Each structure stands twice: as structure tokens, then as C-alpha cells.
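Everything numeric here is computed off the predicted structure, so don't read it as measured data.
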Amino acid sequence: MKTAAVILAAGYASRMGRCKSLLPLAGLPALEFAQRRLEAAGVSHTIVVTGHWREAVEPVAERLGCAAAYNERYPEGMFSSVQTGVAALPEDVEGFLLLPSDTPLARSSSYRLVMERAAQGDCDVVSPRFRSVRGHPPWISRRLVGPILEWDGHDGLRGLLRNYHDSTVVVDVADVGVHVGMNRPEEYEELAAIAGRELPTPEEEEALFEIAGTAEAVRRHSEAVAALADALAAALEGKGYPVDRVYLGAAARLHDLAKGERRHGEAAADLLTRQGFPKLAGIVADHMDLPDPVILDPPGERELLYLADKTVSGEEYVPLEERTRTKEAQFAGNAEAQTAVARRMGKAMEVREAWGRCTGLSLGDLAQNVVAVSG
């Protein structure tokens with residue numbers, strides 16, 4: 001469906017003391033940062049509502065290919081800017097995303113998820129929801145353009161949307177960006193610190209587990225795998241081999257996100273991609289069966305996660321030989337499954353041996369200092 005965006009950038013920014021739309025985020029003005037993400041999500045047209053900072057904002061909006069709509073009534077407050085933006089919408093759009101300029105951090109994936117839900121056509125408002133709390137930007141149907149323009153402004157847009165409670169739906173997103181804003185300098189500094197990130201924050205990891213319904217026992221297993229994987233990586237670092245331990249840690253904590261689903265590695269990778277974390281998707285998808293070629297000199301993050309996962313059963317370290325015997329016994333009478341077990345565990349042994357050559361350490365000795373040891 002054809003969706004536009006209305007970015008509200010007309011206010012005084014009195015608490016910030018600077019034009020919020022032009023504050024830098026990941027090397028870009030905040031307005032451009034938000035517009036690039038809207039474009040990546042497939043938004044067809046963006047209207048930037050200007051006011052107090054008109055002379056500074058409109059040239060940037062025009063450079064970005066956005067339409068600028070000046071709100072002469074901006075001293076009246078935000079709802080007058082909502083009406084100005086809505087009045088400027090093209091006739092052919094079926095709905096619009098409403099984004100305050102001081103909440104620019106939502107990812108393209110969150111916009112897409114909201115628009116996908118709106119495309120089902122059974123609602124007037126779709127709001128992104130992060131950990132049970134709604135955020136920005138809502139998608140609003142074109143059917144509400146008339147009511148918005150006619151609304152007397154009582155309690156702003158929120159007051160009007162209460163009349164549409166029964167046709168409002170929410171979409172859960174693992175995106176703290178739908179909440180965080182920058183009204184004050186200290187809030188801007190916090191927001192700027194996480195702009196452009198590729199990996200989830202700790203709170204976003206929690207949201208991913210909530211969305212997936214990951215069992216607590218699975219999460220404890222994943223924490224044990226993450227602890228062992230980090231120890232493996234630290235040992236390599238100690239010998240001068242570079243490892244991205246932050247990336248590895250996030251992948252290890254989330255590798256069993258969709259445990260219980262068929263082909264759960266691929267299911268977890270799909271969820272991570274849809275929620276805006278494609279960097280993690282590949283390594284998570286491969287944790288069940290390491291693809292060829294196996295990287296051995298030294299093992300990379302993908303191989304370290306694979307080895308840690310294959311040597312942690314529940315929350316305990318179990319030697320690969322013992323795990324192989326247990327798995328083969330589990331599939332007694334199924335020659336094809338036993339062959340697959342032998343192949344997968346054989347790859348883990350190759351990684352273990354390569355890691356040992358690089359570090360001069362024993363995996364069993366290392367594991368005793370990191371996780372519980374079976375038996």
C-alpha cells in the first residue's frame with residue numbers, strides 16, 4: 001500500500017536550545033537519519049512540517065527530496081502541525097506514518113512491520129509497541145484525514161484517536177528507537193550513543209525473547225553458551241587473533257531464540273532479520289550445522305559459536321565425544337540421522353582442534369572455569 005510520512009519539525013525546541021532536526025546522528029542531521037530509514041522501508045513521500053526553525057530545516061528537507069509544509073500556527077502546539085502535515089498529504093496515499101522529529105531512531109524494519117500490518121486493511125491505526133508500551137510512529141489511515149482536520153484539538157491527536165480504539169492494533173517490535181526521544185541535551189547524548197547500531201541493546205534482546213516466547217531454560221542454556229564462546233574468543237585474543245566478542249556474544253545469547261520451532265536456527269534468523277538485525281541472522285542460522293568451508297586458522301565467530309553450542313548441554317559442558325555417543329544412541333536405528341550427527345560433531349571437533357592449536361589450551365580445562373561440567 002502507498003504510505004507517506006509526516007515529520008513534525010515545527011516546535012521551538014526550547015528545552016534543547018538547538019534545532020533538534022539538525023542535530024547529528026551517526027554523522028547525519030537527525031532529519032536525514034530518519035528520512036533514509038523511511039525510504040529504506042518503502043515510504044513513498046515525506047512531508048516535513050516546519051515552524052520556528054523554518055529557515056534552517058526547509059533547505060535540508062528539500063535536499064532530501066521531502067516536501068516542506070510551513071505551519072503558521074506552530075505557536076498553538078503540536079496538533080496544529082499534525083493538521084498542517086495531514087492537509088498536505090497527496091491524494092493517492094492510503095495512510096501515513098506520523099513521526100515527531102525528536103524521535104528519529106526507529107529502524108526501517110519497524111516501519112515495515114507497521115506498514116505490513118496496516119496493509120491487512122482491517123484497522124485505522126497501527127502503533128509499534130516495545131515491551132508492552134506503544135511508541136512512534138503510528139500509521140494512520142487516510143480515512144482519518146477528515147476527522148483530524150475537523151478536530152477541535154482537545155487533548156491533541158491522542159484525544160481524537162481515542163474514538164478509534166476499536167480499530168487500533170499494535171505490532172510488537174524489538175526496537176527501543178520507537179520510544180527514545182531527545183527533548184533535552186542529556187537525552188540527545190544518550191540517543192546519539194546508540195544511533196546506527198547493528199546489534200540489539202540488552203533491552204532489545206529482552207524484547208526479542210518476549211516476541212519469540214523463548215523458554216527460560218533455553219535462555220539459561222544460551223547464557224552458558226555465550227559465556228563459553230566468550231572465553232574461547234578471549235583465549236584467541238590473548239594470542240593476537242582478532243575476534244568481535246560483542247557480535248559473538250549477541251549471537252550466542254540469541255542463537256536459540258526460536259527453539260521449539262521446526263528448523264529453529266532458520267526461524268530465529270528470519271525473526272532477527274524482520275526485526276532489523278540482519279548482521280546476526282547468518283551466524284544464528286548456521287549454529288545447528290556449520291557450512292563449508294569451516295574457518296580454522298583461526299576459527300571465526302561463527303565457528304566459535306558452533307563449538308560452544310555443541311559442547312554445552314543444558315547449562316553444562318559435555319565433551320564432544322560424549323555428546324556424540326549420546327546423540328548417536330538417541331537416533332539408534334536411524335542410519336541417516338546418525339550419519340548427520342557424526343558429520344556435525346566432526347566439524348565441532350575440527351574447530352576444537354584448530355582453536356587448541358592457536359591458543360595452546362585445552363577446551364576441557366577452559367570450560368571448567370566458565371560453566372558447570374557434566375558429571
Are side-chain heavy atoms of L271 and T273 found at a separation under 4.5 Å?
-> no
Shortest non-hydrogen contact from A267 toward A258 | CB-CB, 3.8 Å
Go through L161 and L144 one step at a time and tell me if the side chain to side chain contact (heavy atoms under 4.5 Å, CB included) criterion holds.
-> CA-CA 9 Å; L161 294 184; L144 272 61; 3.7 Å; yes
Where is the tightest heavy-atom contact between V173 and P128, given as atom of each residue plus distance?
-> CG2-CB, 4.2 Å
For E58 and T50 the tightest heavy-atom approach is OE2-OG1, 2.8 Å
A268 and L257 have their tightest heavy-atom pair at CB-CB, 4.0 Å
So does D289 pair up with R302, basic N to acidic O under 4.0 Å?
-> no
For the pair E315 and R220, find out whether any cationic side-chain nitrogen is under 4.0 Å from an anionic carboxylate oxygen.
-> yes
Without swapping roles, check the side chain of R107 against the backbone of Q275 for a donor-acceptor pair under 3.5 Å.
-> yes
Can you check side chain to side chain contact (heavy atoms under 4.5 Å, CB included) on I148 and L160, steps first, answer last?
-> CA-CA 7 Å; I148 289 172; L160 171 67; 3.3 Å; yes
Below 4.5 Å, heavy atoms only, C-beta onward: do V114 and P138 meet side chain to side chain?
-> no
Roughly how far, to the nearest 0.5 Å, is OH of Y317 from CG of L228?
-> 8.5 Å
Of the non-hydrogen atoms in L105 and R37, which two are nearest, and what is the gap between them?
-> O-NH1, 2.9 Å
Look at atom CD of E55 and say whether more than 12 heavy atoms of other residues, nucleotides or ligands are closer to it than 6.0 Å.
-> no
Electrostatic pair R131-E204, nearest N-O below 4.0 angstrom | no
Side-chain ion pair, D256 and R219, N-O less than 4.0 Å | no
Are V171 and I140 grouped together when hydrophobic residues (ILVMFWY) are joined by side-chain heavy atoms under 4.5 angstrom apart?
-> no
Would a 4.5 Å heavy-atom cut-off, applied to side chains only, mark R142 and L89 as touching?
-> yes
SB check R325 E328 (cutoff 4.0 Å) = no
Residue set satisfying salt bridge (charged side-chain N to carboxylate O under 4.0 Å, His left out) with D155, at least two apart, ordered chain then number -> R162
Do T168 and D124 touch side chain to side chain, with heavy atoms closer than 4.5 Å?
-> no
Could you give me the CA-CA distance, side-chain angles and deciding distance for E189 and R184, then say whether salt bridge (Lys or Arg N to Asp or Glu O under 4.0 Å) is met?
-> CA-CA 9 Å; E189 295 298 332; R184 298 177 175 85; over 6 Å; no
Go through the structure and list residues passing ring pair (Phe, Tyr, Trp, His ring centres under 6.0 Å) with H264, not counting sequence neighbours.
-> H287
Quick one: does NZ or CZ of K310 land under 6.0 Å from the six-membered ring centre of Y306, within 45 degrees of the ring axis?
-> yes
Distance-only, no hydrogens or angles: does the R112 side chain make a donor-acceptor pair with backbone N or O of A40 under 3.5 Å?
-> yes
Evaluate the side-chain proximity of I47 to I7: yes if any heavy-atom separation is below 4.5 Å, no if none is.
-> no
From CD (E237) to CG (L232), nearest 0.5 Å | 12.0 Å
V225 reachable from L208 in the ILVMFWY side-chain graph, under 4.5 Å edges = yes
Pairwise side-chain contact, M115 with V43, heavy-atom cut-off 4.5 Å (strictly under) = yes
To the nearest 0.5 Å, how far apart are CG in D309 and CZ in R344?
-> 11.0 Å
Does the side chain of L31 come within less than 4.5 Å of V48's, by heavy atoms?
-> yes
Is it true that atom CE of M1 has more than 12 heavy atoms of other residues, nucleotides or ligands lying nearer than 6.0 Å?
-> yes
Is it possible for you to say whether V126 and L38 belong to one hydrophobic cluster, with membership spreading through side-chain heavy-atom contacts below 4.5 Å?
-> yes
Are L320 and V294 in one and the same hydrophobic cluster, where Ile, Leu, Val, Met, Phe, Trp and Tyr link if side-chain heavy atoms are under 4.5 Å apart?
-> yes
Would you mind checking if D175 and R129 are paired as a salt bridge, meaning a charged N to carboxylate O distance below 4.0 Å?
-> no
Is the number of heavy atoms from other residues, nucleotides or ligands under 6.0 Å of E321 CD greater than 12?
-> yes
Return all side-chain donor-acceptor pairs below 3.5 angstrom for residues 62-76, not counting sequence neighbours, or 'none' if the list is empty.
unit_1: R63; atom_1: NH1; unit_2: E32; atom_2: OE1; d: 3.4
unit_1: R63; atom_1: NH2; unit_2: E32; atom_2: OE1; d: 3.0
unit_1: N71; atom_1: OD1; unit_2: R73; atom_2: N; d: 2.9
unit_1: N71; atom_1: OD1; unit_2: T84; atom_2: OG1; d: 3.2
unit_1: N71; atom_1: ND2; unit_2: S80; atom_2: OG; d: 2.9
unit_1: N71; atom_1: ND2; unit_2: S81; atom_2: OG; d: 3.0
unit_1: R73; atom_1: NH1; unit_2: E76; atom_2: OE1; d: 2.9
unit_1: R73; atom_1: NH2; unit_2: Q83; atom_2: OE1; d: 3.0

Stepwise side chain to side chain contact (heavy atoms under 4.5 Å, CB included) test for L99 and V6 = CA-CA 6 Å; L99 183 67; V6 174; over 6 Å; no
Under the 3.5 angstrom rule, does the side chain of W355 hit a backbone N or O of C358 as a donor-acceptor pair?
-> no
Which pairs with one or both residues in residues 126-150 pass ring pair (Phe, Tyr, Trp, His ring centres under 6.0 Å), sequence neighbours excluded?
-> F130-H179
State plainly whether the residues R352 and E303 are in salt-bridge range, i.e. N to O under 4.0 Å.
-> no
Apply side chain to side chain contact (heavy atoms under 4.5 Å, CB included) to the pair R245 and E301, showing each step before the final yes or no.
-> CA-CA 8 Å; R245 291 168 65 183; E301 293 86 4; over 6 Å; no
ILVMFWY network linking I295 to L248, side-chain heavy atoms under 4.5 angstrom | no
In terms of heavy-atom contacts, S44 and V93 come closest through OG-CG1, 4.4 Å
Six-ring centre of Y247, K279 cation under 6.0 angstrom, axis tolerance 45° = yes
Reported CZ-to-CG distance for the pair R263 and D270, which is rounded to 0.5 angstrom | 12.5 Å
Separation of L113 CG from D172 CG (nearest 0.5 Å) | 10.0 Å
4.5 Å side-chain heavy-atom contact, L157 and L98 | yes
Determine which pairs satisfy ring pair (Phe, Tyr, Trp, His ring centres under 6.0 Å) with at least one residue from residues 187-244, sequence neighbours left out, and list them in order.
-> H221-H255
May I have the list of side-chain donor-acceptor pairs in residues 8-25 shorter than 3.5 Å, sequence neighbours left out?
unit_1: K20; atom_1: NZ; unit_2: D102; atom_2: OD2; d: 3.1
unit_1: K20; atom_1: NZ; unit_2: N183; atom_2: OD1; d: 3.1
unit_1: S21; atom_1: OG; unit_2: S101; atom_2: OG; d: 3.4

Would you say S110's side chain and A106's backbone share a donor-acceptor pair under 3.5 angstrom?
-> no
Rounded to the nearest 0.5 Å, how far apart are CE of M349 and NZ of K347?
-> 14.0 Å
